[in-house]
Structures are given as structure tokens and as C-alpha cells.
2 protein chains.
Amino acid sequence: MVKLDPPQREWVEAMGLFLERSGFPPSSARIYGLLLMSAEPELSFEDLVATLGFGKAAVSTGLRRLQETNRVSERTRPGERRRYFRARLGPDAGVDRFRAFNSALCDLLEKGIALRGSRADAEITADLEASARFLRFLDVELDGLRARWEANGDG
Amino acid sequence: MVKLDPPQREWVEAMGLFLERSGFPPSSARIYGLLLMSAEPELSFEDLVATLGFGKAAVSTGLRRLQETNRVSERTRPGERRRYFRARLGPDAGVDRFRAFNSALCDLLEKGIALRGSRADAEITADLEASARFLRFLDVELDGLRARWEANGDG
DNA sequence: TGTTTGGTTCGGAACCATACGAACAAACTA
DNA sequence: TAGTTTGTTCGTATGGTTCCGAACCAAACA
């Protein structure tokens, strides 16, 4: 059981809602939020169950998803059977997903342009081409941005 | 009713699935895909119903959502009561959403850092701070990127 | 007026994801 | 062996979304 102020509890909830909007299931989202807010850097399964009020089943599957996507790591302590979970903050997971998304979209748009052919309305085709060009530009530039950030050593 | 090759139909479906993953309901996603693939730049309500196989209700609400989010525009032709719908390709709607998302996340992270206080584990706090710094950097740079693209006049 | 056309809204059905409780398994302990 | 701890898995229930058909409304036209 983790001790949390009411504002801290609210923050966990807010973070939970936010992560849900980015595709996490509710249980995963709350778990991750709690791991970020807790004063302790790692929490046990039982801590999560008791603090969040979810059943063991929900915590179990919620953790599994978080681990599958590399968002949470797990370790054991010598002499203890319990496992302890810790949030992993990849600095740019969001950017990677954004780039992957854009890249897929760009491929799709280009395939679409080809399928429309020359008899189709030219204005829509031109819009599609402009979008595709912009997405390519963006992909290249985002890569440069990340390199620049990493070179600065601030991250 | 719009005439489509089988590959074109498949593309509409692929685009539909893609847009669903970005949060559109299925009907909106298919409508938007069809508007992009159709040789005609604008389609009537009846075209959408007949081509997609959705009921009128689904098309109606699907269109509403697309219009609410500025993804589709509508106009009438002189002497016709029917309305015609056209896809709007904002070149960077995705970037705007991404920036809004990051900005909200950054606010949330900073609030979280403040709520954790000084007694909490320092490593997690440092990770949160690094993430927040990166998000700020990204926001500024994305703005610059867009300006650069618009200055080039390619979009 | 009455009728047709074009589209919206409502009620119920179907579907999907997720949560819970309970049964289960695996690893220690006594 | 019997019992405790630490989770996982399974079946069922529930909540939320979206669809369809039908009723409805508003505009144009006869």
C-alpha cells in the first residue's frame, strides 16, 4: 500500500486518463501513473493491488501489457519471492510512435495516389501529394532533431 | 454510387483501418477514405450510403464527426437540395495534434514533478525532468519546422 | 394542401474490451 | 505432507461504442 496525498491521487488518475487516450487500457494506465508518482522507485504487485483498488487479475494483465511494450521493468530482491516493478521512461517513445505512424500514413497516401490514376480529380491528388511530401520532410527532420538533442547531452 | 476497382476498394478499407487506429469511428474512417479515393472530388450522401453499404444513420453521424473536426467540408449546388461532401487535407493536422498532445503531457509531467516533492526517489524525478525538457525542446523545434516548410512554399 | 426527396434522430441489438471473483499453479515453510 | 505466499488464468458480467431500421422532420414541388 502506497501513501498518497489527495492531489497525488488525482494526478495518478489524470495521468491514467491521459495514457488511456494514447491507447493504454485503464489498468495499465493507472499502474504506470502510480509508479511515476510513488515516492518509492519500485512497487510490489500487492502495493499496486492495494493502492489502486483493482483486482489481482486486472493488475496482472495490466502489468503484462506494460512490460510487453517496454514501459515497465521488473526485478526481484535477494531472498524475496515478490517481484518489484519500476516505470521506464524512454525519453522519446512518443516521437518514435509518431514517426512510425507518419511513415505508414505516407506509404498509404502514395499508394492511394497511384491508385487514383490520371483520370481522377487533380486537386485532391495534388493535396495528397502535398501531404505525402510534407510527411517525408517531417520524418527526415525529426530524425535530425533527435540527433541534435542527443548530441547536446541534456537528455 | 461510386465505381471502384477492387484494389481501390481495398485501399479505402486500409485507410479506414488506419484512421480507426487514430481514433475515428469506423463509419467516419471509411467515408474519409472513400472521399480521398473517389475520382470525383465530392460525393453526395446517397453516394456514400450506396457505395459503403452503411445505413443512413451511420453515414449521418460519421459525417458529423468529420465536419466537427474540420476533416470534411460540405456545399450545395445551385438548384439542388442535395449536399456534396469533400475531404479536406489539412497538411499538418497530425502535427498539430501531436504538438497538443505533447504539450498536455509536458504540463502533466511538470505537475507530477512538483507533486512528488523532494523526499521522493531522485532517479525517477530526474527521468521525469528529462522527459519534460525534451518535450519542450520538441515543441519549439516542431514550430520551427513548420515555419521552414511553409517558407519553402512546397506545401 | 399532399407527396417526394434528403437527411437526422431514436430505440434496441450486437459487439468488444476490460473488470471481477474464483479456481488454479508454483514455490517456499513448517 | 499440509499450509502460506505470490501471482496467473478462466468464466462470467458489465460498460461503452456503433450499427441498423424505423420514425421523424424540413424543404421543395405538384
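Order of the sequence lines fixes the chain letters, A, B, ..., with proteins taken first and strands second; residue numbering starts at 1 for each chain.
Both A/Glu80 and B/Val59 lie close to DNA chain D; mapped to their nearest nucleotides by heavy-atom distance, the more 5′-ward contact belongs to A/Glu80. When the nearest nucleotides of DNA chain C are assigned to A/Ala58 and B/Leu63 by heavy-atom distance, the more 5′-ward of the two goes with B/Leu63.
Using a 4.0 Å heavy-atom cutoff across all strands shown, B/Ser27 reaches sugar-phosphate atoms only and no base atom. Residue contacts shown for B/Gly62 are absent, as no nucleic acid heavy atom lies under 4.0 Å away. Backbone-only engagement by B/Gly53 is indicated by non-hydrogen atom pairs under 4.0 Å involving sugar-phosphate atoms exclusively. Among the protein residues, B/Ala57 comes within range of the nucleic acid bases, having at least one heavy atom under 4.0 Å from a base atom.
In this structure, CD in B/Glu74 is found 12.0 Å from CG in B/Leu66, a value given to the nearest 0.5 Å.
In this structure, B/Glu46 places its CD atom 9 Å from P of C/dG7, rounding to the nearest Å. One can place CD of B/Glu20 at 12 Å from P of C/dC16, the figure rounded to the nearest angstrom. In this structure, the CD atom of B/Gln67 is 11 Å from the P atom of C/dG7, given to the nearest Å. Distance, A/Leu66 CG to C/dT18 C1': 15 Å, rounded to whole Å. With rounding to whole Å, B/Phe54 atom CZ is found 13 Å from D/dT17 atom C1'. Separating the CG atom of B/Leu43 from the P atom of C/dG7 is a distance of 12 Å, rounded to the nearest angstrom. Rounded to an integer number of Å, the gap from CG of A/Leu52 to P of C/dA19 is 11 Å. The distance between atom CZ of A/Arg21 and atom C1' of D/dG16, rounded to the nearest whole Å, is 17 Å.
At C/dG7, none of the side-chain N or O atoms of B/Arg64 fall inside 4.0 Å of OP1 or OP2 (strictly under the cut-off). OP1 or OP2 of D/dT8 has at least one side-chain nitrogen or oxygen of A/Arg83 nearer than 4.0 Å. Put simply, B/Arg65 has a side-chain N or O that comes within less than 4.0 Å of OP1 or OP2 on D/dT18.
Each of C/dT18, C/dT9, D/dT9 was ranked by its minimum atom distance to the side chain of A/Pro25; first place goes to C/dT18.
Between the side chain of B/Arg81 and the base of D/dA28, no donor-acceptor pair of N or O atoms lies under 3.5 Å. A donor-acceptor contact under 3.5 Å is not formed by the side chain of A/Arg82 with the base of D/dT6.
For A/Thr61 (side chain) and A/Ala58 (main-chain N/O), a donor-acceptor pair under 3.5 Å exists by modelled atom type.
A salt bridge is defined here as a Lys NZ or Arg NE, NH1 or NH2 lying under 4.0 Å from an Asp or Glu carboxylate O, and B/Glu110 with B/Arg133 fails to meet this definition. A salt bridge links B/Arg146 to B/Asp96: at least one charged side-chain nitrogen sits closer than 4.0 Å to a carboxylate oxygen.
The neighbour count for B/Arg119 CZ, taken as heavy atoms of other residues, nucleotides or ligands under 6.0 Å away, does not exceed 12.
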